[in-house]
Structure formats: C-alpha cells, structure tokens
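Since the structure comes first, as structure tokens, the remarks are kept for the end.
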Number of protein chains: 4
Amino acid sequence: MDKVSKHTLKSNESYQRLMDAAFKVFGQYGYDKTSIDLLAKEAGYTKGTFYLHFKSKEDFFLEFMDHKLSVYKQHFLPLLNSNATFESIISQGIKIFYKLSNEDNWIPLFFEFCSIAVRNESVKERMSIYYQEWFKIICMVLEKGKQTNRLSANLDLEITSRKIVAVLDGYNLQNSFVSNSYSLDQIEQLIKQILGLD
Amino acid sequence: MDKVSKHTLKSNESYQRLMDAAFKVFGQYGYDKTSIDLLAKEAGYTKGTFYLHFKSKEDFFLEFMDHKLSVYKQHFLPLLNSNATFESIISQGIKIFYKLSNEDNWIPLFFEFCSIAVRNESVKERMSIYYQEWFKIICMVLEKGKQTNRLSANLDLEITSRKIVAVLDGYNLQNSFVSNSYSLDQIEQLIKQILGLD
Amino acid sequence: MDKVSKHTLKSNESYQRLMDAAFKVFGQYGYDKTSIDLLAKEAGYTKGTFYLHFKSKEDFFLEFMDHKLSVYKQHFLPLLNSNATFESIISQGIKIFYKLSNEDNWIPLFFEFCSIAVRNESVKERMSIYYQEWFKIICMVLEKGKQTNRLSANLDLEITSRKIVAVLDGYNLQNSFVSNSYSLDQIEQLIKQILGLD
Amino acid sequence: MDKVSKHTLKSNESYQRLMDAAFKVFGQYGYDKTSIDLLAKEAGYTKGTFYLHFKSKEDFFLEFMDHKLSVYKQHFLPLLNSNATFESIISQGIKIFYKLSNEDNWIPLFFEFCSIAVRNESVKERMSIYYQEWFKIICMVLEKGKQTNRLSANLDLEITSRKIVAVLDGYNLQNSFVSNSYSLDQIEQLIKQILGLD
DNA sequence: CATGAATGAGAGTTCATTCAT
DNA sequence: GATGAATGAACTCTCATTCAT
C-alpha cells in the first residue's frame with residue numbers, strides 16, 4: 001500500500017490538519033515561499049511527519065488543490081435540489097460565490113492555482129475539469145429556469161454558463177486589486193442582464 | 001561618438017535586454033522559479049550585470065511590471081483618437097485585447113502579477129492604479145458612444161467600464177484552462193449586450 | 001537509551017564540534033575570511049548543519065565569543081581560593097596568562113574580537129563586561145595582599161587592577177609582532193613594581 | 001615605469017586623497033567590509049581610478065599601512081630636539097599619544113593592522129620594524145633623562161622603552177571597550193613609576 | 001587620467017528531502 | 001506514527017578585477 005492510497009481514504013487526522021494548514025500558509029505565502037517546515041508546524045507536526053504522508057511538496061500541492069476545488073464545488077450542490085424560485089436560486093448562488101470569495105486566503109490561493117496550472121499541463125487539466133464541472137452545475141440550474149419559463153428556450157445554456165463564470169471570475173480578479181470595485185447587486189444585475197431576466 | 005554616449009548606449013542595451021529576457025523567463029517559470037542567473041543568461045549577460053542595473057530581484061520585478069503594464073496600456077491609446085464608428089472602435093479594442101492576451105507568456109505573466117500583487121501591498125497599489133487607468137480609457141471610449149447617441153445617456157460609464165474589464169479578464173482566465181472556451185465573437189456579443197447595443 | 005537522548009547527544013556533539021572548529025578557523029583566517037562552508041567542513045559537517053544550530057554567522061560569532069571569553073576567565077578562578085602566599089598567587093596568575101596567550105590562535109582570535117567589538121556596539125558591551133569581570137577577579141586577589149599586609153592599605157585596587165590588565169594586554173600585543181619581546185620574568189617584575197612589592 | 005614606482009613620489013593628488021579616504025573607510029568598516037567602490041567614491045574617484053594607481057586591494061592596504069604608521073611616528077620626532085625639561089618631554093609625549101589615540105578611526109584601524117599583521121608574515125615584519133623604531137625613539141628620549149641625571153644610570157633603556165610601549169598599547173586597548181577606563185594622569189603616573197621618577 | 005560596463009568566483013542563507021532513532 | 005539531525009543543491013547578492021571607451 002503506497003503513500004497515496006493511504007490517503008484516498010482521507011480519513012486520518014493528520015491528512016485533515018495538513019490540508020487546513022495548507023489553506024492558510026499557501027494562501028498567505030504562496031507555493032514557493034511556503035516551506036514544508038512551516039506547513040508542518042502550522043499543522044502541529046514536524047517535517048518528518050509530512051514526508052510520512054506525502055511523496056513530495058508538489059505531490060501534496062496537487063492533492064491539496066483537488067481537495068480544495070472539490071470542497072469549493074460542493075458548496076453549490078444544494079442549489080440543484082432547491083425548491084426556491086429560479087430568481088432566488090440565482091441570487092443564492094451568487095451569494096455563496098461572494099461569501100467563498102471573501103474568505104481569507106481563498107483568492108490568493110486561487111491565483112496560486114492559476115499560476116501553477118498555466119505552466120503545468122497536468123495541473124491545467126485538473127483546472128479544466130473543474131471548470132467543466134462548474135459549467136455543468138450552472139447549466140443544470142439554468143435548465144430549471146427554462147423549465148419554469150423564466151428563461152428563453154432559445155438561450156444556449158452552455159455558452160451562457162461560460163459567460164456567467166467569466167463574469168464571476170472577472171469581478172473577483174478586479175476586486176482583488178481595486179477596493180470597493182463591485183457590490184453583490186452589481187454582479188446580480190449583470191448576470192440577470194445576461195440571462196435576459198431584466 | 002563620444003565616450004559618454006558609448007557607455008550609455010551599452011548600458012541602455014543591457015537594461016533593455018534584461019527587460020526583454022524578463023518577459024520570457026518570468027512568463028515561462030514564474031517569479032520564484034526564475035533565478036537571476038537564468039534571467040541574465042537569457043539576456044546574454046551574467047549575474048553581475050543584472051546587479052549593475054537593479055538593486056534586487058524584487059525591485060527589478062516591480063520595475064519590469066510597471067514597464068510591462070504601461071506598454072500594454074499604450075496599445076489601446078490609438079482608440080481614443082480614432083475616427084471610426086463607435087461599434088468598430090469597440091470591435092477594434094476587443095481585437096487588440098484578444099491579440100495581446102494570446103501573445104506567448106502574457107497570461108502566465110499576468111497571473112504572476114496577480115499572485116504577487118495580492119500578497120504585497122505596494123504591488124497591489126500599482127495594480128490598482130493600472131486598473132483605474134484601464135477604466136478611464138474605456139470610459140473615454142464609451143463617452144464617444146454617448147456623444148454619437150449610440151449609447152443611452154443614462155448608462156453609468158464608470159460601472160459599465162468595470163463590467164467590461166471584468167468580462168475581459170474573466171474570459172481570459174477561463175481561456176487559460178479551458179481550451180476553445182470562447183471566440184472573439186462571443187466576447188463581442190456579450191460586451192454589446194452589456195452596452196445595450198444588441 | 002531513549003530517542004530523545006540520542007538526538008540530543010548528536011545535537012550537542014555537532015554544536016560542540018562547530019565551536020571547536022570556530023576556535024581554529026576564526027583564529028587562523030579571521031571572521032570575514034572564514035566561510036561557513038569552511039567552518040562546517042572543519043567540524044566535519046556541511047553548511048546546513050551549521051544553520052540547524054545558529055541563526056546567522058554573526059549570531060554564531062557572538063555566541064562563540066561569549067563562550068570563549070567565559071572559558072578564558074574560568075582559568076583564573078582557582079586563584080581566588082588558593083592558599084599559597086600572595087606573591088606566588090601573583091606569579092601563578094601571570095603564568096596562566098602567559099600560557100593561555102601562547103596557545104595557538106588565541107591572540108589572533110583576540111584581535112578579531114577587538115576588531116569587531118570596536119565597530120559593533122553590542123559586541124563592545126560584551127567586551128566591556130568581560131573586562132569588568134577581569135578587573136574584579138584581580139581586585140579580589142589584591143584584596144588578599146592587603147589582608148596579609150603584603151600590599152599597602154592605601155593602594156587603590158580598582159585602578160591597580162586596570163594597570164595590571166593594561167600591562168598584560170600591552171605585552172601581549174607587543175609580543176605578537178616583536179619576537180622575543182619579553183619574558184615572563186619581565187612582566188612579573190613590572191607588575192611587582194606596580195604593586196610596590198619590589 | 002610600473003604602477004608602484006609612480007607612487008614612490010607620493011606627490012600626486014589622487015594618492016593623497018585615496019590615503020585620506022582609506023583612513024576613514026578602513027577605520028570605519030574594516031579591511032574586508034570596505035569595497036574598492038566605496039573607497040574610491042569616498043576619495044572622489046571611481047573604481048577604475050583606483051586600479052590605475054594600485055595593483056590590488058591588498059597592495060594598497062600595505063602601502064596605506066606603511067604610510068599611516070610612518071605619519072604616526074613623525075608626530076613624535078619633535079620630542080627628540082626639544083629643549084624642555086625631561087619630565088615635560090615625557091608629559092608631552094604622552095599627550096601626543098593620547099591625542100592621536102583619540103582621533104576618530106585610529107584605534108579601529110590599529111586593530112585592523114594587528115588583525116592582518118598577525119596572520120601575514122610580511123605585514124608582521126612591517127609591524128615589527130615599526131615597533132623597533134618606536135622603541136628607538138623612546139630610548140633616545142630616555143637617554144636625555146640619563147644625561148640630565150633624571151634617570152638612574154642603571155636603567156636598562158631598551159627594556160624600559162618596551163615597558164612604556166606595553167603600557168600605552170594596553171591602556172589604549174582597554175580604553176576601546178571600557179569607557180572612562182583611564183585618564184592622562186593615570187598613564188603619566190604609571191610611566192613615571194616605571195621610570196623611577198615618583 | 002578617468003570612467004563604468006562587464007565578469008565570475010564565492011559569500012551567506014534557505015529548503016526539499018532522507019533516514020536513523 | 002513521529003521526530004529532528006544532516007545533507008547539498010540552489011538561491012540572492014557582493015565585490016575585486018579587467019578593459020574598452
């Protein structure tokens with residue numbers, strides 16, 4: 001049983017504590033400037049323990065990234081089974097996105113993911129898969145809109161979902177550098193315009 | 001050709017070649033993974049030459065970033081004096097953006113800027129200034145649209161410019177990971193929708 | 001033998017070996033010309049081990065200097081409890097000083113301490129403290145001379161101790177450059193003259 | 001005509017300016033921590049000029065040391081032809097010594113000389129010669145004391161001169177670290193005691 | 001005479017990784 | 001499972017020295 005498979009269970013405490021520590025330190029200092037020493041100490045262990053569980057720093061980062069993006073995605077799954085009106089589901093989704101985005105360390109971490117993904121083919125693929133899943137969830141939500149006649153039957157959901165993601169990502173990026181760049185309302189207004197709900 | 005100018009010429013050349021090399025190596029490997037050794041070698045010099053011109057790696061990066069963002073911005077300035085129709089100015093702008101974005105190394109470099117800016121207050125400020133200038137240029141273009149009655153007089157140009165930037169950045173980000181994520185036409189269509197030109 | 005003690009033993013050994021190596025290499029090459037690489041190699045380790053124990057070269061030097069001066073001082077402490085005659089205690093003290101001074105590397109090392117102390121306020125303070133302790137020990141010895149009526153009750157011990165230290169340091173310095181500059185007898189004679197024992 | 005011989009004349013301005021700068025920067029930062037860049041700049045030149053005149057940093061330092069020690073010595077030569085009383089010549093000499101010792105940078109520089117001399121045979125020889133000259137001057141002064149019956153005819157002048165130098169050097173060293181360690185009066189008193197003038 | 005662009009060896013320091021305990 | 005001593009490669013940065021101008 002190799003190291004990696006041990007963690008496919010994702011059950012033991014050290015795994016969780018290292019993941020939590022990673023969120024903090026990778027977010028705060030970035031991948032390169034975070035030493036294993038610091039990461040382990042933050043988790044309450046020492047360097048040695050880290051290598052007991054993970055093959056290398058890179059290996060760990062990839063696993064951490066998968067974990068993080070997967071957890072991120074899960075926050076939106078309840079929307080798929082919601083009984084609320086279409087408009088309120090949309091609002092709800094934007095609110096969740098807004099809240100997650102403003103969580104400490106998330107945006108810096110996301111840039112870190114981007115920075116690394118853009119230079120590493122295999123990481124890029126993971127990001128691509130993540131985006132595809134993202135589009136899919138939005139498509140499923142939008143489908144509800146069509147079914148309830150809130151959206152035009154002609155709307156290309158695939159394209160529309162990509163537009164929505166672009167807008168959300170774009171606002172997020174902008175907000176990282178320009179303070180008070182946007183409000184929840186503005187995002188909501190723009191997305192509704194895109195959906196033809198205005 | 002006197003002594004001074006020969007020395008100055010040489011100095012200017014090494015400065016410029018280091019800047020050019022930076023675009024390549026920072027884009028390719030990222031800030032942390034790029035060593036001064038590599039950067040200098042890429043420019044055809046040795047480490048020592050680098051430190052003849054710049055105080056430190058960080059110092060250099062900031063200067064390089066300023067330089068790069070300033071050059072980037074300049075590509076859009078001709079739009080301000082264009083005599084073309086409003087719609088074609090918009091198309092033209094998007095085309096320029098699209099072309100620059102697809103230049104090798106630009107997107108990775110931009111993520112690098114983001115990654116560093118988000119953790120460094122002084123870099124963040126530079127990014128903020130850059131974004132402000134960006135908004136301003138777009139506002140000036142949109143103003144033309146108002147003057148020629150192509151845009152509604154009620155349109156809040158400040159907010160609209162931010163929306164446009166968000167959309168462009170967002171599509172750029174998406175396109176870095178999802179291949180064939182969008183076409184020029186799609187961006188143009190979305191921006192025209194935002195402007196109420198559809 | 002439990003885990004902790006084995007680790008601790010190893011750690012103590014490398015610490016001690018680095019200190020010992022420092023006596024040799026700092027004495028031989030001086031502070032600036034001694035590289036951490038050389039120091040570590042002399043101790044039988046590599047650079048990394050050095051940084052396991054010490055924060056920086058400067059930090060290490062200060063710790064080493066404290067250590068060395070403290071050990072130096074300890075050689076004289078037995079004099080304080082000696083039952084020998086006052087004159088023989090004085091002779092004994094000078095002999096110890098002479099022996100320590102002729103130990104390989106000590107004088108060069110002492111100049112190194114001086115060189116650095118004179119330019120660094122915090123090192124200077126340590127040197128000052130060291131001299132004060134030095135004066136004190138001599139005062140305590142001289143006090144015995146007063147109690148046994150070998151020294152005049154009028155003698156200012158504080159000032160006299162400083163004179164003795166000056167003479168010893170001065171001869172040491174001279175002896176570093178002028179071969180056969182002085183003999184033990186000459187120092188002893190001068191100090192006895194200062195004490196009014198002649 | 002080689003580089004060195006140019007300067008045997010010791011006439012040109014650059015020579016003097018570099019010597020003056022050296023006194024300041026070597027005194028302030030020490031040999032190793034003083035860069036040629038800084039030295040030249042302090043003298044009002046650039047690196048290149050330095051190498052126009054001197055073969056290497058070490059070469060320059062030795063020449064500077066010779067120069068400095070020679071100038072130092074010259075301050076005492078007037079004593080040899082003085083018509084004052086023996087006691088006042090002694091006082092005068094100590095005063096000159098005291099004044100020179102308290103000149104900014106001199107003591108640190110002297111330690112630098114010691115530090116380097118003790119590790120370099122040829123520099124050591126220069127120091128030895130300097131000390132010999134030093135002893136000689138003092139001997140010549142003391143001879144006057146004998147001729148005027150102020151000193152015992154039995155006094156071994158050679159040994160006495162060495163004692164005096166030891167006392168002066170020793171007090172100087174002490175004074176570098178222990179503030180208010182000694183006064184002119186104390187030195188004078190001790191030296192007079194050594195001479196049997198008390 | 002004087003400059004300063006360029007070099008390259010070498011410095012102090014960090015850190016991912018290994019492994020005996 | 002957990003530790004921490006040890007390594008060595010790689011990094012940023014400095015500086016004595018050279019030489020074309």
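Hydrogens, waters and symmetry mates play no part in the numbers below; they use all other heavy atoms, side chains included. Remember, it's a predicted structure, so these values are computed and weren't measured experimentally. Numbers restart at 1 for each chain; the letters A, B, ... are given by sequence-line order, proteins then strands.
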* Structure fact -> From NZ of B:Lys41 across to C1' of F:dC11 the rounded distance in Å is 13 Å
* If you look at every heavy atom in D:Cys114 and D:Met127, which pair is closest and at what distance? -> SG-CE, 4.1 Å
* **Which atom of A:Ile36 lies closest to which atom of A:Lys47, heavy atoms considered** => CG2-CG, 4.3 Å
* E:dT7 phosphate, OP1 or OP2: any side-chain N/O from B:Thr46 under 4.0 angstrom? -> yes
* About how many Å separate OH of C:Tyr31 and CZ of C:Phe64, when rounded to the nearest 0.5 Å? -> 12.0 Å
* Asked: Mapping C:Lys47 and B:Lys47 to their closest nucleotides on DNA chain F, which lands nearer the 5' end?
  -> C:Lys47
* With a non-hydrogen cut-off below 4.0 angstrom, is B:Leu52 in contact with a base, only sugar-phosphate, or nothing? -> base
* Spacing of B:Asp59 atom CG relative to F:dT12 atom P, expressed in whole Å -> 14 Å
* **C1' spacing across the pair F:dT21 / E:dC1, given as an integer number of angstrom** => 13 Å
* Hey, is the side chain of D:His53 poking within less than 4.0 Å of OP1 or OP2 on E:dA2, counting only N and O atoms? -> yes
* Return yes when atom CD of B:Gln16 has more than 12 non-hydrogen atoms of other residues, nucleotides or ligands closer than 6.0 Å, and no otherwise. => yes
* Asked: Taking OP1 and OP2 of F:dT14, is either one under 4.0 Å from a side-chain nitrogen or oxygen of B:Tyr51?
  -> no
* Could you state the NZ-P distance from D:Lys57 to E:dA9, rounded to the nearest angstrom? -> 19 Å
* Examine F:dT3: is either OP1 or OP2 under 4.0 Å from a nitrogen or oxygen in the side chain of A:Thr49? Give yes or no. => yes
* To do: To the nearest Å, give me how far apart CG (C:Leu39) and P (E:dT13) are.
  => 12 Å
* To the nearest Å, give me how far apart CD1 (A:Ile36) and C1' (F:dA9) are. => 16 Å
* **Length of the line joining D:Asp32:CG and E:dA9:P, which is rounded to integer Å** => 20 Å
* Asked: Under the criterion ring pair (Phe, Tyr, Trp, His ring centres under 6.0 Å), which of C:Tyr45, C:Tyr15, C:Phe60 is the partner of C:Phe50?
  -> C:Phe60
* Separation of F:dA6 C1' from A:Asp37 CG (nearest whole Å) -> 13 Å
* Taking OP1 and OP2 of F:dT12, is either one under 4.0 Å from a side-chain nitrogen or oxygen of B:Ser56? -> no
* Should F:dT21 form a Watson-Crick or G-U wobble pair with both distances under 3.5 Å, which nucleotide is its partner? -> E:dA2
* Asked: What nucleic acid atoms does B:Phe50 come within less than 4.0 Å of, heavy atoms only: base, sugar-phosphate, or nothing?
  -> nothing
* To do: Classify the nucleic acid contact of A:Ser35 as base, sugar-phosphate or nothing, counting any heavy atom under 4.0 Å across all strands shown.
  => sugar-phosphate
* Asked: Over how many whole Å does the gap from D:Arg17 atom CZ to E:dC1 atom P extend?
  -> 13 Å
